[in-house]
J.: 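This is the structure I have questions about; it appears just below.
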Number of protein chains: 2
Amino acid sequence: MKISKTEENYLKAIFSITEKNQPSASTNAISKKMKTSAASVTDMVKRLAKKKLVIHESHKGVHLTKAGNQIATMLVRKHRLWEVFLVEKLNFLWDEVHDIAEELEHIDSDELMIRLDDFLGNPKFDPHGDPIPDANGEFATRQQVALNELKVGEEGIVVGVRESSTPFLQYLDQLGVGLGVKVKVVEKYEYDNSIKIILNKTKEMVITGKVCQSLFLQKK
Amino acid sequence: MKISKTEENYLKAIFSITEKNQPSASTNAISKKMKTSAASVTDMVKRLAKKKLVIHESHKGVHLTKAGNQIATMLVRKHRLWEVFLVEKLNFLWDEVHDIAEELEHIDSDELMIRLDDFLGNPKFDPHGDPIPDANGEFATRQQVALNELKVGEEGIVVGVRESSTPFLQYLDQLGVGLGVKVKVVEKYEYDNSIKIILNKTKEMVITGKVCQSLFLQKK
DNA sequence: ATAAATTTTTAGATTAATCTAAAAATTTAT
DNA sequence: ATAAATTTTTAGATTAATCTAAAAATTTAT
């Protein structure tokens, strides 16, 4: 069965909406993510349902079938592997790779992905710290906490970000925060949830509660 | 101006037909290459003409404008650079890369191609020995002759093939012929244009006139 | 619990890319 | 040089993906 690039993008949108325990994705939520009209979504959802990639009850939202989920997961795998390639091999910055990977993920060749995976050393996480599902669709898990959950005196290493928008990533670059950076919590300010930290045992700074929530660390 | 993948493929088809001094590509020739009906070609050609990518006189065939030629050349550049990547970095064989490169060539990012080119060491020829146009669209040239033009006693190194079909390339693999192989002409048989050669100073064999015509060598 | 607001679907159109069949134009062969 | 063959174009349809406007269904608020 042939699946168009557009259909693939809808599957990915539904996947990302239902990822966080949401039982189903609403027409509106999908149209927002896909930047199309709600009417287009209704149409497309019907087509995907005919192909058994989603389950749709009128006015109740959609969720992926096993087959649909498999396709979406492989798109995530391809996206993240290409991002590793772009950063590790072509020296792109972590905030520059999303759009290109968005195109590369639609290249259809299992053999290519096997070889790319090997070439990259079978990475388990992408340049933003997001897990790369393996060829069977299994996501690696990792012991991690958001920075705002650390107590004063505790230390950790940055392993991921909650959000991969270009502005956020560039802001982190400005602060000197990236994956692998050591963080020690020096002080916590209840008043606005900001935190004073030391980066790599050298650089002291205060960061806002908003940023703290979006940084994942592995405790030491 | 946005150019669809389909439009790009038509431009490439017209490029490859007109490449060998043909002043224009006929509707039929394009339909054969694109595996579509002649009617579809007429339609598409009109659309490309409206975008100033081709010149079309009814019933007389089409040729690329400067802009159309530029796009086609960059597609060739991208195709061949990706082929180098697939063979050099991902260890694909030279007969396995065409279809994947056919997809990768449509990825639209100048920055990506600059970095890929650098990563690969700015190669001038692809895994089949075909020249890779530079970012300005200039093709490298090379002193080369077809094997059938060598005289008895002359030697050369295989630098290219006239045809990159999978069967031909696999046949060459079987013979032990690939880019970089040294060839010495030992004898020429007028009767059927076959030639007796020695490969890499060790392996003697007779190859047919058909194969001789399709192998390009650099004389020593 | 019903009216108002919101969400979703339906109806009807549009555009890109394709098709087949028929008509028109061009080329080839006698 | 004209008839036959071939090539190209036109006409009219089709499919995927999209849209706006209106209708229908659901949810929210009084």
Side-chain angles (χ1 to χ4, degrees), chain A residues 1-15 17-18 22-64 67-68 71-72 75 102-103 105-106 108, chain B residues 1-15 17-18 22-64 67-68 71-72 75 102-103 105-106 108:
Chain A
M1 182 178 46
K2 226 160 265 159
I3 293 152
S4 72
K5 184 170 160 179
T6 311
E7 288 172 322
E8 287 190 341
N9 283 331
Y10 273 94
L11 293 176
K12 263 217 329 176
I14 298 164
F15 179 87
I17 293 163
T18 54
Q22 240 72 27
S24 74
S26 72
T27 298
N28 250 6
I30 298 169
S31 79
K32 199 176 158 196
K33 187 144 280 195
M34 292 296 298
K35 291 171 182 166
T36 58
S37 69
S40 303
V41 172
T42 302
D43 267 18
M44 176 54 88
V45 156
K46 281 183 188 166
R47 253 174 284 147
L48 293 174
K50 200 174 285 173
K51 290 191 175 182
K52 310 264 188 207
L53 298 174
V54 304
I55 307 265
H56 181 227
E57 280 183 280
S58 199
H59 290 92
K60 295 255 174 87
V62 267
H63 64 272
L64 299 174
I71 292 168
L75 287 167
E102 206 73 6
E103 290 198 56
E105 74 191 8
H106 298 290
D108 176 33
Chain B
M1 181 180 44
K2 227 162 261 157
I3 294 154
S4 72
K5 184 172 160 179
T6 310
E7 289 172 320
E8 288 191 339
N9 283 332
Y10 273 94
L11 293 176
K12 263 217 326 175
I14 297 165
F15 179 86
I17 293 164
T18 53
Q22 240 73 26
S24 75
S26 71
T27 299
N28 250 6
I30 299 169
S31 78
K32 199 177 156 193
K33 186 145 279 193
M34 292 297 296
K35 291 173 183 165
T36 59
S37 69
S40 303
V41 173
T42 302
D43 267 18
M44 176 55 87
V45 156
K46 282 182 187 166
R47 252 173 284 146
L48 293 174
K50 199 174 285 172
K51 290 190 175 182
K52 311 262 188 207
L53 299 174
V54 303
I55 307 267
H56 181 225
E57 280 183 278
S58 198
H59 289 93
K60 295 254 175 89
V62 267
H63 65 270
L64 298 173
I71 292 168
L75 286 167
E102 205 72 8
E103 291 198 55
E105 73 191 9
H106 299 290
D108 177 32

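In the text below, chain A, chain B and the rest are named by the order of the sequence lines, each starting its count at 1. Note that the structure is predicted; figures quoted are calculated from it, not measured.
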J.: Which nucleotide wins on minimum distance to the side chain of B:Ala39, given the candidates D:dT7, D:dA11, C:dA16?
T.: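 Closest of the options to the side chain of B:Ala39: D:dA11.
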
J.: Please examine the side chains of A:Thr42 and A:Lys46, heavy atoms only from C-beta on, and report whether any two atoms are closer than 4.5 Å.
T.: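 Side chain of A:Lys46 against side chain of A:Thr42, heavy atoms only: contact under 4.5 Å found.
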
J.: Is the shortest side-chain N/O distance from A:Tyr10 to OP1 or OP2 of D:dT18 below 4.0 Å?
T.: yes

J.: Identify whether any heavy atom of B:Thr27 sits under 4.0 Å from a base atom; if not, whether one sits that close to sugar-phosphate; answer base, sugar-phosphate or nothing.
T.: sugar-phosphate

J.: Using a 4.0 Å heavy-atom cut-off, does A:Lys2 contact any base of the nucleic acid, only the sugar-phosphate backbone, or nothing at all?
T.: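 A:Lys2: no heavy atom of the nucleic acid under 4.0 Å.
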
J.: Within the structure, does a side-chain N or O atom of A:Ser40 lie under 4.0 Å from either OP1 or OP2 of D:dT18?
T.: no

J.: Looking at the side chain of A:Thr42, which of D:dT9, D:dA17, C:dT10 is the nearest nucleotide?
T.: C:dT10

J.: Decide yes or no for B:Lys12 and B:Glu102: does some side-chain heavy atom of the first lie under 4.5 Å from some side-chain heavy atom of the second?
T.: yes

J.: Which of the following nucleotides, D:dT18, D:dT8, C:dT18, is nearest to the side chain of A:Thr36?
T.: D:dT18

J.: With a 3.5 Å limit on both atom pairs, tell me what D:dA23 is paired to, counting Watson-Crick and G-U wobble, or say none.
T.: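 Because both required distances fall under 3.5 Å, D:dA23 counts as paired with C:dT8.
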
J.: For a 4.5 angstrom cut-off between non-hydrogen side-chain atoms, does B:Leu53 reach B:Ile14?
T.: no

J.: Which parts of residues 49-62 of chain A get close to DNA chain C, meaning a heavy atom less than 4.0 angstrom away?
T.: A:His56, A:Ser58, A:His59

J.: Do B:Asn9 and B:Glu105 come within less than 4.5 Å of each other through their side chains, counting heavy atoms only?
T.: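 In short, these two side chains touch, coming nearer than 4.5 Å.
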
J.: Contact class for B:Thr6 (heavy atom, under 4.0 Å): base, sugar-phosphate, or nothing?
T.: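 Answer is sugar-phosphate: B:Thr6 comes under 4.0 Å of backbone atoms only.
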
J.: Kindly indicate whether the side chain of B:Val41, heavy atoms from C-beta on, has any atom under 4.5 Å from the side chain of B:Tyr10.
T.: yes

J.: Would you mind classifying the nucleic acid contact of A:Lys5 as base, sugar-phosphate or nothing, using non-hydrogen atoms under 4.0 angstrom?
T.: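 Nothing, no nucleic acid heavy atom in range.
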
J.: Which nucleotide in the list D:dA17, D:dT8, D:dA11 gets nearest to the side chain of B:Ser26?
T.: D:dT8

J.: Quick check: does any side chain N or O of B:Lys51 sit under 3.5 Å from a backbone N or O of B:Lys2, one acting as donor and the other as acceptor?
T.: yes

